[in-house]
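Below you'll find the structure, written out as structure tokens, and then a few comments.
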Amino acid sequence: MAQVYISLGTNVDREFHVKQGLTALAERYGQLTLSSLFESEAVGFAGSAFYNMVIGLQTDESVESVAACLREIEYANGRTPDAKKYSPRTLDLDLLLFDDFILEQPAQIPRHEICHNAFVLWPLAEIAGESIHPVVKKSYRELWHAYDKSSQKLQKVPLNW
């Protein structure tokens with residue numbers, strides 16, 4: 001079984017889409033490990049605040065199958081195939097880690113955003129703090145500890161799922 005970590009983000013009908021994403025992932029993969037839910041400002045564009053979190057799960061599916069499943073869940077929740085990178089999101093599910101794989105296709109793994117966005121690194125450090133980043137060779141807890149926390153503001157919000 002592969003250990004997988006997925007980031008979830010939404011800034012459109014946020015509570016609804018968090019629940020939709022978590023429910024779809026639980027129906028497909030079973031038990032989920034959930035980080036706290038965070039509210040953060042939009043990054044890269046002027047938009048409504050996002051809800052973000054990281055989900056851990058185990059699967060015997062391939063990387064390709066997991067990536068395809070994430071796209072299907074996004075599309076089922078209103079995302080279009082031509083959605084711009086920096087724009088509002090009903091539901092954004094990104095495959096962050098798949099065991100200790102290092103890949104460019106079908107998805108960039110480990111995802112570049114891990115080390116650059118607080119809304120990915122903090123929740124990942126919460127649920128996989130002792131795991132080691134396969135490229136930079138530091139734990140996610142160490143990476144979060146060294147992160148410039150003044151660059152992006154996050155606050156925990158209640159998760160009602």
Side-chain angles (χ1 to χ4, degrees), residues 1-11 14 17-18 21-22 25-26 29-67 69-71 73-74 79 83-89 91-159 161:
M1 298 285 274
Q3 179 62 55
V4 175
Y5 292 96
I6 298 162
S7 66
L8 180 152
T10 173
N11 75 335
R14 300 179 307 179
H17 286 109
V18 166
L22 292 176
L25 289 169
Y29 297 106
Q31 184 175 348
L32 306 176
T33 301
L34 305 180
S35 74
S36 298
L37 183 64
F38 293 87
E39 184 175 63
S40 64
E41 295 176 350
V43 173
F45 71 102
S48 302
F50 275 78
Y51 276 176
N52 296 96
M53 66 185 305
V54 170
I55 301 117
L57 58 89
Q58 292 189 330
T59 184
D60 57 4
E61 292 183 13
S62 68
V63 173
E64 294 82 4
S65 178
V66 173
C69 174
L70 298 182
R71 297 294 80 78
I73 295 169
E74 289 176 338
R79 184 161 178 181
K84 294 179 183 171
K85 182 172 174 97
Y86 296 109
S87 64
R89 293 276 189 262
L91 187 60
D92 188 25
L93 297 170
D94 291 324
L95 184 53
L96 299 174
L97 297 162
F98 193 100
D99 277 341
D100 59 358
F101 287 19
I102 300 172
L103 303 170
E104 287 300 321
Q105 294 297 325
Q108 179 191 60
I109 300 172
R111 187 95 177 177
H112 178 73
E113 288 87 359
I114 292 171
C115 294
H116 298 282
N117 287 320
F119 60 81
V120 176
L121 184 54
W122 187 1
L124 183 59
E126 272 192 354
I127 63 172
E130 298 307 313
S131 297
I132 304 297
H133 190 291
V135 175
V136 299
K137 305 295 185 198
K138 292 184 179 179
S139 76
Y140 298 106
R141 185 167 287 116
E142 288 175 291
L143 291 170
W144 177 242
H145 181 72
Y147 187 84
D148 175 9
K149 294 167 186 69
S150 68
S151 65
Q152 295 175 5
K153 302 285 189 258
L154 294 181
Q155 73 178 44
K156 291 183 181 184
V157 295
L159 174 61
W161 177 55

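Because the structure is a prediction, the values reported are computed rather than measured.
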Does the side-chain contact (heavy atoms from CB on, under 4.5 Å) test come out yes or no for C115 and H133, once each step is laid out?
CA-CA 9 Å; C115 294; H133 190 291; 3.9 Å; yes
With side-chain contact (heavy atoms from CB on, under 4.5 Å) as the criterion, how do V63 and L95 come out once you've worked through the C-alpha distance, each side chain's angles and the decisive distance to 0.1 Å?
CA-CA 9 Å; V63 173; L95 184 53; 4.0 Å; yes
Go through it in stages, so that I can follow the logic: the residues are W144 and L124, the test is side-chain contact (heavy atoms from CB on, under 4.5 Å), and I'd like the CA-CA distance, side-chain angles, deciding distance and then a yes or no.
CA-CA 9 Å; W144 177 242; L124 183 59; over 6 Å; no
Go through V18 and M53 one step at a time and tell me if the side-chain contact (heavy atoms from CB on, under 4.5 Å) criterion holds.
CA-CA 9 Å; V18 166; M53 66 185 305; 4.2 Å; yes
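The two residues L22 and L32 come nearest to each other via the heavy atoms O-CD1, 3.6 Å. Here the shortest heavy-atom pairing between L121 and Y140 reads CD1-O, 4.0 Å. When all heavy atoms are compared, the tightest approach of G129 to S139 is O-CB, 3.3 Å. The shortest heavy-atom contact between N11 and R89 is OD1-N, 2.7 Å. Contact detail for N52 and S40: the closest heavy-atom pair is OD1-OG, 2.8 Å.
Counting heavy atoms from C-beta outward, I73 and L91 have side chains that approach closer than 4.5 Å. Between L25 and L70 there is a side-chain heavy-atom pair separated by less than 4.5 Å. Using a 4.5 Å cut-off on side-chain heavy atoms (C-beta onward), T10 and D92 make no contact. Annotation: side chain of V120 is in contact with side chain of L96 (closest heavy-atom distance under 4.5 Å). The shortest side-chain heavy-atom distance between P110 and I102 falls under the 4.5 Å cut-off. Side-chain contact between I127 and Y5: present, with at least one pair of heavy atoms (C-beta onward) separated by less than 4.5 Å. For the pair E61 and Y29, the minimum side-chain heavy-atom distance is below 4.5 Å.
A distance-only check finds no donor-acceptor pair linking the side chain of Q58 to the backbone of Q3 [under 3.5 Å]. Checking side-chain atoms of D99 against main-chain N and O of F101 turns up no donor-acceptor pair under 3.5 Å. In this structure a side-chain-to-backbone donor-acceptor pair under 3.5 Å is present from S151 to D148. At distances below 3.5 Å, at least one donor-acceptor pair connects side-chain atoms of E74 with backbone N or O atoms of L93. Checked by atom type and distance alone, the side chain of K153 never pairs as donor or acceptor with a backbone atom of K149 at under 3.5 Å.
Evaluation of the side-chain contact (heavy atoms from CB on, under 4.5 Å) rule for E39 yields R14, A49, Y51, Q155, V157 as partners, not counting sequence neighbours. With sequence neighbours excluded, the residues forming a side-chain contact (heavy atoms from CB on, under 4.5 Å) with A107 are I109, listed by chain and number. For H116, the side-chain contact (heavy atoms from CB on, under 4.5 Å) criterion is met by H112, not counting sequence neighbours.
Residue H17 holds its NE2 atom at 12.0 Å from CZ of F50, rounded to the nearest 0.5 Å. Of the inter-residue distances, the one linking I6 atom CD1 with L97 atom CG reads 10.5 Å to the nearest 0.5 angstrom. Going from atom CZ of F119 over to atom OG of S35 covers 12.5 Å, rounded to the nearest 0.5 Å.
Annotation for K138: atom NZ does not count as buried by contact number, only 12 or fewer foreign heavy atoms lying within 6.0 Å. Under a cut-off of 6.0 angstrom, the local environment of CD in Q108 is crowded, with over 12 non-hydrogen atoms contributed by other residues, nucleotides or ligands.
There is a side-chain donor-acceptor pair under 3.5 Å between E126 and S36.
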